Amino acid sequence: MTKKIRVRFAPSPTGGLHLGGVRTVLFNYLFAKQNGGDFILRIEDTDQTRFVEGAEAYIFNTLQWCGIVPDESPLHGGPFAPYRQSERKANYRQFAEQLVIDGFAYYAFDTPADLEAMRTEYKTAENPSPQYNHILRDKMRNSITLTPDETATLLAAGTPYVIRIKMPLNETVTFHDMIRGEVNFNTSQLDDKVLLKADGMPTYHLAVVVDDYQMKITHAFRGEEWLPSAPVHLLLWKYLGWKNDMPEWAHLPLILKPDGNGKLSKRDGDRLGFPVFASDWIDPKTNETTIGFKERGFLPEAFVNLLAMLGWNDGTDQEIFSMEELIAKFSIDRVHKGGAKFDYEKAKWYNHEWIKRKPSKELELSIQKYFAEAGITVTDDVLLAKAIDLVKDRCTLLPDFVTQASFFFQLPEQIDIAAVKPKWDEKKNMFFNELIRAFELSAVWEATDLETEFKEMAAAHQLKPGELMLPLRIMLVGGKFGPGVFDIAATIGRTETVSRIKKVLGLIELN
RNA sequence: GGCCGGUUCGUCUAUCGGUUAGGACAGCCCCCUUUCACGGGGCAAAGACGGGUUCGAUUCCCGUACCGGCUACCA
């Protein structure tokens, strides 16, 4: 019997969830669901100095928006609760101490000042960042340099200490990464990472290993920035005697800034004018809000889709995938090794595609919100549905519906008189006055009939329809944009059409 | 500096030794549209470099260059 697939996403609740984070969740989720496995959300809040109020709730809301529901989490519970590392604190110490007993780790009593002094003292041009490693540990205050009695005394006296892993000398740590293949490290190059902090909390290194073991995680996907610490984790799995239960690893490529190089950061979004966080993040300290894809007007389907395509494809030319399709087609061995630069233009294209594909009915609710924000009240659902159908092809972001369709619900805010005035004459004036009468009397009110009527009347007046269409458009929508004029007239109705024509006729007279 | 990873059009990418190196976004041109878009058609645009292996390398191996990640009692 094969083990049930269990994956986890383990964010730190320190702020907004950025693109890279959400993509990591997504790949975890896709892999789990494809294999009928479980997706666990675990909160890594071991650094109490970085804890940010509200960040955890934000993570839940954001995942929910994306359509990702954890099978187990602090919120949903589960057989391996608690799912917050701070609540599992008492659990970690025993393992760190066992490692000391087994000779794989040791107590270190160096103060932050001691460490800083060491780093300055041993800093050279060739070695700008000295490590607490197999060489330097002999010069520090720890249970290796101290006698057992001295160590015991310090411990008994309650001296603050950390537990560090004792990196073996010149061993090769090899592991298989599902994306990168075989990766090797020489332990002599590695430093003695802290496992248990002075406050009793584990560091990430200890916590992931212990939690992944206890939560029976089978596959561990995380960002490429973790690759350098993978050997520490590997050694821990081995030293703790759990090697046979170790998950398979996959280090995902990074999402890079669009210009230049380097990891995409929140700053890049601010600088270049696009969101980096999935949804709005309001910093509780400064009250500053950082815009998210959601609020910018992205559909969750598009967001998930574009994220999936950053570093993965199914080998065909298909680019539009629903979550269901992704679950069916995703494969970890088609994930790239190299990082991908984020392209906001392409991101918008995905959204446009999803807006076009999505039934108007399903768009109504979110579009309503943007109208409300713009101070436009939409009471007529039927009108809204028609308007959405008419303009969706020309909307890339949800707020575009406001600029593209507000004239369906209210008088145009601006009327581009300048576009008609120069070519305006009495003949046109007469035409439109007659058009008003004809429209008031016409038996039916359908776009095609209105167009026919309009064109016949133009012919009768010996005017080219082309000269009259633009004025009519300006009268109805206020500017040179929008769907077909007769569709608009048909949609807003007889009364409204006639009244708008009259109004603009009056304005032209005045000018 | 050290360690690890990466490298196909401007960008995201296809290619699992033999292709006119394909698609998409962006750009440019044309058509459609008596508005703006959508849409359709077209143009331009790539294997970092140097060695091998091979009848044949974008593809496999090595080196170089460049880019990135890590180098905290942060994750």
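The shown structure was predicted, so the numbers you read here are calculated from the model rather than taken from an experiment. In what follows, chains are A, B, ... by sequence order, proteins preceding strands, each numbered from 1.
- Nucleotides of RNA chain B nearest to A:G482 and A:P202 differ in position, and the one nearer the 5' end is that of A:G482.
- A donor-acceptor contact under 3.5 Å is not formed by the side chain of A:K193 with the base of B:rA72.
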Anything under 3.5 Å between a protein N or O and an N or O of nucleotides 2-7 of chain B, put it in a table, one pair a line.
{"unit_1": "B:rG2", "atom_1": "O2'", "unit_2": "A:Q189", "atom_2": "OE1", "d": "3.1"}
{"unit_1": "B:rG5", "atom_1": "O2'", "unit_2": "A:R180", "atom_2": "NH1", "d": "2.8"}
{"unit_1": "B:rG5", "atom_1": "O2'", "unit_2": "A:E224", "atom_2": "OE2", "d": "3.1"}

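- Residue-environment remark: CD (A:Q94) exceeds the threshold of 12 foreign heavy atoms within 6.0 Å.
- Counting heavy atoms of neighbouring residues, nucleotides and ligands inside a 6.0 Å radius, atom NZ of A:K337 does not exceed 12 of them.
- A:F321 has its CZ atom 15 Å from the P atom of B:rA24, to the nearest Å.
- Checked against a 6.0 Å centroid threshold, the rings of A:F293 and A:F277 do not count as neighbours.
- Looking at A:V420 and A:K428, their side chains never come closer than 4.5 Å, going by heavy atoms from C-beta outward.
- Of the listed nucleotides (B:rG69, B:rC25, B:rU11), B:rG69 has the atom at the smallest distance from the side chain of A:L254.
- At whole-Å resolution of the value, NZ in A:K346 and C1' in B:rC9 are 13 Å apart.
- The separation between A:F486 atom CZ and B:rU35 atom P is 12 Å, rounded to whole Å.
- Between A:F321 and A:W312, a ring centre-to-centre spacing shorter than 6.0 Å is recorded.
- The CZ-C1' distance, from A:F274 to B:rC25, rounds to 15 Å in whole Å.
- Comparing B:rU64 with B:rC70, their C1' atoms sit 23 Å apart, to the nearest whole Å.
- Considering only side-chain N and O atoms, A:R119 lies under 4.0 angstrom from the phosphate OP1 or OP2 of B:rC73.
- Remark: P of B:rU34 and NZ of A:K428 are 17 Å apart, rounded to the nearest angstrom.
- Rounded to whole Å, atom C1' of B:rG27 lies 13 Å from atom CG of A:D343.
- In this structure, A:M167 and A:N133 have side chains that are not in contact, with every pair of non-hydrogen atoms separated by 4.5 Å or more.
- Proximity of A:K197 to the phosphate of B:rC74: a side-chain N or O atom is located under 4.0 Å from OP1 or OP2.
- Taking atom P on both nucleotides, B:rC60 is separated from B:rG18 by 12 Å, rounded to a whole Å.
- Rounded to an integer number of Å, the gap from OH of A:Y204 to C1' of B:rA75 is 8 Å.
- With a 4.5 Å cut-off on side-chain heavy atoms, A:I488 and A:F408 count as touching.
- Residues A:E353 and A:K356 are paired through a salt bridge, judged by an N-O separation under 4.0 Å between the basic side chain and the carboxylate.
- Around atom CD of A:Q214, more than 12 heavy atoms belonging to other residues, nucleotides or ligands sit under 6.0 Å away.
- Distance A:M201 CE to B:rC74 P: 11 Å, rounded to the nearest Å.
- Within the nucleic acid shown, A:P112 comes within 4.0 Å of at least one base atom, counting heavy atoms only.
- A:R334 has a side-chain polar atom (N or O) that falls below the 4.0 Å cut-off from OP1 or OP2 of B:rU15.
- Two rings, from A:F221 and A:F9, have their centers 6.0 Å or more apart.
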What does the list of N/O pairs under 3.5 Å between the protein and nucleotides 39-44 of chain B look like, with a distance for each?
{"unit_1": "B:rG39", "atom_1": "OP1", "unit_2": "A:K356", "atom_2": "NZ", "d": "2.9"}

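- At B:rA37, none of the side-chain N or O atoms of A:K480 fall inside 4.0 Å of OP1 or OP2 (strictly under the cut-off).
- A syn base is found at B:rC38: its glycosidic angle is within 90° of 0.
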